[in-house]
Amino acid sequence: MGPGPSDVSPRVLAAMARPTIGHLDPEFIRMMDEVKGMLKKLFKTENELTLPVSAPGSAGMEACFVNLVEPGDKVIVCQNGVFGGRMKENVERFGGECILIQDEWGTPVDVEKVKAAFAENDNVKALAFVHAETSTGVRSDAKSLCQIAHDNGALAIVDAVTSLGGIDVDVDGWGIDAIYSGTQKCLSCPPGISPVSFSDKAVEAVKNRKTAVPSWFLDKNLVMGYWGGSGKRAYHHTAPVNSLYALHEALVMMEEEGLENAWARHQKLHNALRAGLEAMGIGFLVNEESRLPQLNSVLIPEGVDDAAVRTALLQNYNLEIGAGLGNLAGKVWRIGLMGTACTQRNVMLCLDALENTLAAMNAPIKTGVAAQAAAAVLAE
Ligand SMILES: *Cc1c(COP(=O)(O)O)cnc(C)c1O
């Protein structure tokens, strides 16, 4: 129950153990087409350029920035946690000019500040922001932010590593131009693959570049020789065959459950966890309207030794929860409810383990009430 990688279903692990076939084998190519089709549904897009990058979420991020940012391009980057900072790094490394908007960690991206930044700067090529900040547990208003980008003729680049599969991500509905995710958060797949999607407008921007894409491996023009169309496929790199079996199986499982049912499961179990924690007297870092169900940042009770509690949970209950990052280190725990790990059993285990551990340390919490509070929500 940390911030990822989340638990992987035995079905997905079993898929990974199947025999490795060639990355140009007709059967493999048929599976690639299925993966692309299922990713389109997951992203809610018709974008032709939708594919899994053969590397972790960070590579999906680089794929977006290295293809879309050219020297001198202005990009507004919103930072309200760890991952926005990496977007700034990307823009600058590819020669772009970063206009950084900062919001306090634990709060969403301020839509008004973004509007003001567009008013103060012309010829902005793109707006980049993190939909679900895993470092703080905050959801930003992706729909409104994309709208502002479009009103100003800019592309919208979105980090959906933690959001995809846990909450609504509507690429075509919101007009997202470039999006990247990861397999190890709410998709419950092993880490190492990054689903991405580019809108036609973004593809056009890549085609109209004045300079070559500075990365050979992530150059979308080249990658599409292998992943694009439905006709002949050319060797680009050796795809991580077994990891793609895993992704395929995870996507099949997502279709079996239904995307909306998966979001509802995350929300309901978050509500149950929250009821239990609050009954115990443990509060949340993030305001209710911006809370992510899949990543719960909770305030560590007064006088409690952060590391001692996490170590006890791991040793005594085999339960991992995440530490706070940056300024939030020692102040919050990050409890993940992601994908396959988002279950009633885990919620009840977490509440019980936390209660017993904190009570043994004489922490100021209320005992004997959490399980009942959570159960009441689950019975709704
Ligand atoms: C985990 C995460 C990443 C990085 O993904 P990796 O697979 O670790 O490279 C990027 N952005 C967010 C919001 C994340 O949670």
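Just follow the structure's listing: the first ligand is 1, and inside any ligand the first atom is 1.
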Item to check | Electrostatic pair D168-R139, nearest N-O below 4.0 angstrom | outcome: no

Checklist outcome for this item: Near ligand 1 (heavy atom, under 4.0 angstrom), the protein residues are P56, G57, S58, F83, V130, A132, T134, D159, V161, T162, Q184, K185

Item to check | D103 side chain vs N80 backbone, donor-acceptor pair below 3.5 Å | outcome: no

Checklist entry - Would a distance-only check, ignoring hydrogens and angles, find a side-chain to backbone donor-acceptor pair under 3.5 Å from T45 to D172? => result no

Checklist entry - With sequence neighbours excluded, what pairs up with E255 under the side-chain hydrogen bond (donor to acceptor under 3.5 Å, both in side chains) test? => result K41

Item to check | Salt bridge flag under 4.0 Å for residues E112 and K115 | outcome: yes

Next on the checklist: I want to check a possible cation-pi pair here: K185 against F83, using under 6.0 Å from ring centre and within 45° of the ring axis as the test.
Outcome noted: yes

